Amino acid sequence: MGVKSCNRNGCENIMCDRYSSKYGYLCNSCYIEYIESTSDISISEFMNSTVTLTSNEIEERNDLFDQEFKLY
Ligand SMILES: [Zn+2]
């Protein structure tokens, strides 16, 4: 199994669950960012747009919220 690095511009994620034959791999955080985005952009525009948060920053936010809002 090779590395499945995200094809989004500037994304460092190498654990991608999603793949498009047209756009390549996409990680879950980019996927969520796109579907939750309020701006009306095409997939190719999104793939070329720069990632606003690094995977480390997303992980830090996840830890912060995960500690505050417990799964029950
Ligand atoms: Zn990504």
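What you are looking at is a predicted structure, and each value in this text was computed from that prediction instead of being measured. Atoms within a ligand are numbered from 1 in the order they appear, just like the ligands themselves. Throughout, residue positions are numbered sequentially from 1 according to the sequence presented.
- For the pair SG of C11 and SG of C27, the angle whose vertex sits at the Zn ion (ligand 1) is 110° to 10 degrees.
- Taking Y19 as the reference, Y25 meet the ring-ring contact (aromatic ring centres under 6.0 Å, His included) condition, with sequence neighbours excluded.
- Counting backbone and side-chain atoms alike, C16 contributes no N/O/S atom closer than 2.8 Å to the Zn ion (ligand 1).
- Counting heavy atoms from C-beta on, the side chains of S29 and N13 come closer than 4.5 Å.
- Put simply, the side chain of I41 reaches to within 4.5 Å of the side chain of Y34, judged on heavy atoms.
- With the Zn ion (ligand 1) as the vertex, SG (C30) and SG (C6) define an angle of 120°, rounded to 10°.
- Donor-acceptor pairing under 3.5 Å is recorded for the side chains of S49 and R8.
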